[in-house]
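Written below as structure tokens is the structure these notes are about.
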Amino acid sequence: MLKTFLKPGWVLMLLFVVAFSYLAFSVLAPWQLGKDEDIVERNENITHAYEADPQPVEQLLDEDGAISGDEWSRATLTGHYLAEKEVLLRLRPAGSGPSYQSLVPFRTDGGLTMLVNRGWISAKEGNAVPDIPPAPSEKVSITGMVRSNEAEHQTSPITQEGYRQVYSIHTQQVDSLIGVDLGHDYIQLSEGQPGVLTAMPIPQLDRGNHLSYGYQWIAFGIMAPLGLGYFIWSEIRERRRLHEEEAAMQALDADAESLADATTETESHAGATSQPEPHTQSSSSASHTYAAALRNRSRYGDSKPDHYAKLKKRRRERYEP
């Protein structure tokens, strides 16, 4: 029986199940559960930001302009835009289609310069740059949310239609384009603030399906070895049944030979007793076993292989000329 499960098919199935369950428990489930935790944390930060009053930007950022508290916190800044240093975030989906977002440095009275996302305007036909109102040049006070710096996009910035354009809000990349020392993170301008276009919407406070997906991967990781165990048990059960049928056929052959010998002896000795011989009873028991196997075959059809027929065919090929 052990040799059966050392065949390549069973070994490969075992390796696949082990690898799949390992990935489900160590990679796939933690990936989805981690995304759910991140969304829950983001939703809590957004909710807290709208419940709390805006704070001066210096209290939310460190000296390098990096977020020292929670992302999405609302900050107030007083100073002026550097409108001539405007950069566009190119063709980022917003609203109902691709758009251009205006990124303009804002220098505070305290000397900190932060990149401000003024919002978006839909692209014109053919993804052309739309008319973008300039940022105000006078001193203003603005309120926005502190946002974490994005990763640098693999596509290099371009200059097109009179605008420098980037593919991600990566302040260090923008810094190198405009020659201004920017803070590490950036500000997302709120609706109704000076210089805002169409304010960027906040994410919907919805957890999504990541939690259920994580539980599903855990369930799959459990079901895979259980399924393998079921296949192994079915194979063992089927092979045991085959061995029992082979034993029954061998008993039938032995009883048939004994019956032939007994018949010859009976014909040569008249007046033999009429009591059934032990071998006759054994033959009857084997016949019942064979009949039960045939009924089992009739009931379950092709799902129960007819091993008796195979054995008979093998026997005929062996003894017939």
Side-chain angles (χ1 to χ4, degrees), residues 38-39 41-62 64-83 85-95 98-108 110 112-123 130 132-136 140-153 163-175 177-178 180 182-206:
D38 292 341
I39 292 176
E41 182 179 1
R42 182 204 65 186
N43 293 347
E44 291 177 351
N45 291 339
I46 294 175
T47 302
H48 176 72
Y50 275 89
E51 291 176 350
D53 295 330
Q55 303 179 51
V57 68
E58 291 80 8
Q59 298 182 13
L60 300 174
L61 305 177
D62 60 20
D64 295 324
I67 299 174
S68 58
D70 295 329
E71 187 181 9
W72 301 99
S73 298
R74 292 194 295 168
T76 58
L77 301 86
T78 301
H80 61 279
Y81 288 102
L82 304 181
K85 302 294 187 179
E86 182 178 34
V87 175
L88 298 184
L89 179 61
R90 178 178 172 83
L91 299 178
R92 179 72 63 88
S99 68
Y100 288 87
Q101 298 179 25
S102 174
L103 309 177
V104 180
F106 187 93
R107 182 164 294 165
T108 67
L112 180 64
T113 302
M114 298 297 299
L115 188 64
V116 174
N117 185 348
R118 298 170 57 209
W120 61 276
I121 296 181
S122 297
I132 301 177
V140 293
S141 293
I142 61 175
T143 299
M145 291 184 167
V146 293
R147 295 294 312 277
S148 296
N149 198 22
E150 295 181 0
E152 183 176 357
H153 199 278
Y163 290 94
R164 288 163 291 197
Q165 303 179 22
V166 294
Y167 292 85
S168 63
I169 307 178
H170 185 70
T171 55
Q172 287 75 25
Q173 186 182 64
V174 175
D175 187 328
L177 289 177
I178 63 178
V180 176
L182 299 173
H184 181 272
D185 295 312
Y186 71 98
I187 304 296
Q188 179 175 301
L189 199 59
S190 300
E191 186 175 358
Q193 298 300 309
V196 71
L197 301 175
T198 301
M200 295 299 301
I202 65 171
Q204 295 183 354
L205 303 182
D206 183 7

Open item on the list: Taking Ala52's backbone N and O only, do any of them form a donor-acceptor pair with Arg74's side chain (distance below 3.5 Å, no angle check)?
Closed with: yes
Open item on the list: Closer than 3.5 angstrom, by distance alone: can the side chain of Asp62 be matched with the main-chain N or O of Asp64 as a donor-acceptor pair?
Closed with: yes
Open item on the list: Regarding Gln188 and Arg147, do their side chains bring together a donor and an acceptor under 3.5 Å, going by distance alone?
Closed with: yes
Open item on the list: Just so I know, are the side chains of Val166 and Leu103 near enough to count as touching, which here means a heavy-atom distance under 4.5 Å?
Closed with: yes
Open item on the list: Can a donor-acceptor pair be found, under 3.5 Å and without considering hydrogens, that links the side chain of Ser99 to the backbone of Arg92?
Closed with: yes
- [ ] Verify whether one side chain among Glu86 and Ser102 offers a donor that lies under 3.5 Å from an acceptor in the other.
- [x] yes
Open item on the list: Within the 4.5 Å heavy-atom criterion, are Val146 and Ile187 side-chain neighbours or not?
Closed with: yes
Task: Heavy-atom side-chain proximity of Val196 to Ser190 below 4.5 angstrom - done: no
Open item on the list: Main chain of Ala151, side chain of Ser168: is a donor-acceptor contact present, judged purely on distance under 3.5 Å?
Closed with: yes
- [ ] Tell me, yes or no, whether the heavy-atom count around Gln55 atom CD, taken from other residues, nucleotides or ligands under 6.0 Å, exceeds 12.
- [x] yes
Open item on the list: Working to the nearest 0.5 angstrom, can you tell me the gap between His153 NE2 and Gln173 CD?
Closed with: 9.5 Å
Open item on the list: Quiz question: by atom type and distance under 3.5 Å, do the side chains of Thr78 and Ser141 form a donor-acceptor pair?
Closed with: yes
Task: Interatomic distance, Met114 atom CE to Asp185 atom CG [nearest 0.5 angstrom] - done: 6.0 Å
- [ ] Could you check Trp120 against Leu89 for side-chain contact (heavy atoms from CB on, under 4.5 Å), going step by step and ending with a plain yes or no?
- [x] CA-CA 9 Å; Trp120 61 276; Leu89 179 61; over 6 Å; no
Task: Tyr100 and Gln165, any side-chain heavy atoms less than 4.5 Å apart - done: yes
Task: Side-chain heavy atoms of Ile67 within contact of Ser73, under 4.5 Å - done: no
Task: Side chains of Leu61 and His184 in contact at under 4.5 Å (non-hydrogen atoms) - done: no
Task: Glu71-Asn45 side chain donor-acceptor pair, cut-off 3.5 Å - done: no
Task: Thr143 side, atom OG1; Glu191 side, atom CD - distance, nearest 0.5 Å - done: 13.0 Å
Task: Residue pair Trp72 / Arg42, side-chain heavy-atom distance below 4.5 Å - done: yes
Task: Residue pair Ile132 / Tyr163, side-chain heavy-atom distance below 4.5 Å - done: yes
